[in-house]
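Written below as structure tokens is the structure these notes are about.
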Amino acid sequence: MSSCGAVVGGVSLDRVDIAKEAVIQGVVHKDGKPAPIGYVRLHDANDEFTAEVPVSSLGEFRFFAAPGNWTLVALVPGATTRAEVSAELGQITDLDLLVA
Amino acid sequence: MSRNEVLVDAEWAIAHLADETVVFVEVDEDTAAYDTNHISGAVRLDWKSDLQDGTRRDFVSKEAFEALLGKKGILADHTVVLYGGNNNWFAAYAYWYFKLYGHKDVRLLDGGRKKWELEGRELVSDVVELPATTYVAQEQDLSIRAFRDDVIKAIGVQNLVDVRSPDEYAGRLLAPAHLPQEQSQVAGHIPTAANIPWSKTAAEDGSFKSDEELKAIYENAGVDFDKDTIAYCRIGERSAHSWFVLHELLGAKNVRNYDGSWTEYGSLVGVPVALGDEPGQA
């Protein structure tokens with residue numbers, strides 16, 4: 001049985017069939033540098049929470065969404081930011097989240 | 001059961017870090033988290049290697065649980081404070097598991113590792129080994145654990161609470177969106193189950209909402225507190241979080257966690273399954 005646990009930075013794509021996934025990934029930056037401590041939350045089109053990952057030491061995160069519109073919420077100590085993103089099947093959507 | 005008997009905040013935790021009657025336990029599935037750092041004095045439990053049988057899909061036996069906690073230096077009369085990542089999912093699962101084996105005083109650190117980190121509180125890398133003890137557990141309290149036949153009998157009769165995200169409930173996703181979506185189970189939910197995602201019960205920092213807010217969330221979603229309740233998710237850890245809310249914070253009677261959850265139900269032959277955003281018919 002595989003766990004539901006979120007891997008720091010997101011699950012590796014090494015053994016994932018990208019053609020069957022709608023991947024959203026990126027890096028959280030704070031004050032111009034990758035944020036080593038933080039969390040990214042994925043909200044659906046109704047702004048309902050869907051998933052969350054802790055960022056890697058390089059600020060990285062990754063989700064395996066369904067095709068459609070999503071909102072990302074980045075939480076770092078003392079600050080948050082939000083960004084809209086659209087995911088497509090078979091595509092990797094990359095974006096940077098900038099937190100002041 | 002009142003909130004301050006089952007939940008502690010950071011100030012309480014800091015005041016009890018050196019208290020010999022209290023043991024802090026970090027519970028994760030990602031063991032790298034504890035290796036990197038943890039709350040001072042905390043020991044580690046691994047959701048998978050420590051708490052699962054490893055051969056059969058079931059929990060470790062009473063004897064194995066006694067040996068595990070003895071090795072970790074925990075006594076039956078210790079106050080055990082659990083915390084972890086993933087908004088305390090695995091810590092809540094361990095909380096339910098400790099209750100299953102009859103541990104008297106177990107509590108959650110509100111917000112878990114996330115709130116602690118976001119508040120910039122101290123984490124250390126020193127690994128702690130407490131002196132071994134002889135831990136005595138009780139037989140499993142099956143009044144808080146549901147099995148697949150209980151769930152099938154509960155369709156249309158009891159409160160069934162599906163705590164996964166709306167997209168998993170409707171069948172648009174097969175797993176939480178931080179995981180690849182290719183899964184062996186069919187998509188959907190147990191007919192008549194209400195979708196009350198665990199996330200509705202927690203703030204962004206992972207701490208629980210007030211009792212008044214929590215009660216309103218369940219009542220507004222159609223939960224009848226005069227009926228028995230079964231909570232489920234994908235593998236039983238998010239639903240342990242909701243079991244904690246319903247049974248421990250709100251004091252609802254006869255609330256069980258279905259640890260087989262969707263990875264079992266979604267693989268059963270011949271059982272009814274509902275798709276879409278509505279609960280469906282019995």
Side-chain angles (χ1 to χ4, degrees), chain A residues 1-25 35-57 61-68 70 72-80 82 85 87 89, chain B residues 28-33 36 46-48 52 57 84-87 89-90 93 113-115 117-121 123 164-168 170-184 195 197-200 202 204-206 233-238 259-264 277:
Chain A
M1 175 180 53
S2 65
S3 151
C4 281
V7 178
V8 170
V11 173
S12 162
L13 295 177
D14 287 352
R15 283 185 282 175
V16 174
D17 182 355
I18 299 295
K20 296 176 179 172
E21 306 287 347
V23 177
I24 300 169
Q25 64 180 29
I37 295 173
Y39 295 80
V40 181
R41 295 160 74 86
L42 181 73
H43 289 203
D44 68 16
N46 297 315
D47 209 26
E48 284 289 344
F49 173 94
T50 300
E52 177 182 289
V53 291
V55 297
S56 73
S57 58
F61 65 90
R62 178 175 294 126
F63 293 107
F64 299 85
W70 300 88
L72 293 168
V73 181
L75 311 176
V76 299
T80 66
R82 293 170 72 96
V85 61
L89 199 64
Chain B
D28 284 310
E29 188 263 346
D30 174 15
T31 55
T36 304
D46 184 314
W47 172 85
K48 197 163 195 176
Q52 310 301 317
R57 183 177 171 185
N86 289 282
N87 292 281
W89 290 354
F90 295 99
Y93 181 90
R113 191 181 171 97
K114 179 168 73 171
K115 188 167 193 290
E117 281 186 328
L118 290 174
E119 290 173 348
R121 297 186 186 277
L123 293 166
R164 297 174 298 163
S165 65
D167 281 303
E168 291 172 86
R172 294 185 288 271
L173 287 177
L174 278 159
H178 56 258
L179 297 176
Q181 294 299 309
E182 205 175 0
Q183 303 284 329
S184 55
N195 184 209
W198 72 272
S199 54
K200 287 191 179 297
E204 268 188 350
D205 65 6
C233 57
R234 177 173 167 271
I235 56 169
E237 87 303 28
R238 283 177 285 178
D259 55 282
S261 273
W262 195 254
T263 52
E264 177 177 67
D277 295 308

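The shown structure was predicted, so the numbers you read here are calculated from the model rather than taken from an experiment. Computation of the quantities below employed the complete heavy-atom set of this structure, encompassing side-chain atoms and omitting hydrogens, waters and symmetry-equivalent molecules.
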Pairwise distance CG(Leu118(B)) to OG1(Thr80(A)) - rounded to 0.5 angstrom:
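Here the interatomic distance stands at 10.5 Å.
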Please classify the contact between [X] and chain B as side chain, backbone, both or neither, with a heavy-atom cut-off of under 4.5 Å.
| X | value |
| --- | --- |
| Glu48(A) | side chain |
| Tyr39(A) | side chain |
| Val73(A) | side chain |

Partners meeting side-chain hydrogen bond (donor to acceptor under 3.5 Å, both in side chains) with Ser199(B) (sequence neighbours left out)
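With sequence neighbours excluded, Ser199(B) shows a side-chain hydrogen bond (donor to acceptor under 3.5 Å, both in side chains) to no residue whatsoever.
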Partners of Asp167(B) by side-chain hydrogen bond (donor to acceptor under 3.5 Å, both in side chains), sequence neighbours excluded?
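By the side-chain hydrogen bond (donor to acceptor under 3.5 Å, both in side chains) rule, Asp167(B) matches Arg172(B).
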Taking side chain as everything from C-beta outward and backbone as N, CA, C, O, which of these in Glu204(B) sits under 4.5 Å from a heavy atom of chain A? Side chain, backbone, both or neither.
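Both parts, backbone and side chain.
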Region of Arg238(B) in contact with chain A, defined by heavy-atom distances below 4.5 Å:
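The side chain, not the backbone.
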Looking only at heavy atoms and a cut-off of under 4.5 Å, which of Arg164(B), Glu168(B), Glu117(B) has the most pairs with chain A?
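Of Arg164(B), Glu168(B), Glu117(B), Glu117(B) has the most heavy-atom pairs under 4.5 Å with chain A.
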What are the two closest heavy atoms between Leu173(B) and Phe64(A), and how far apart are they?
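Heavy-atom minimum between the residues: CD2-O, 4.3 Å.
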Between Ile37(A), Asp44(A), Leu42(A), which shows the greatest number of heavy-atom pairs under 4.5 Å with chain B?
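Answer, by heavy-atom pair count under 4.5 Å with chain B: Asp44(A).
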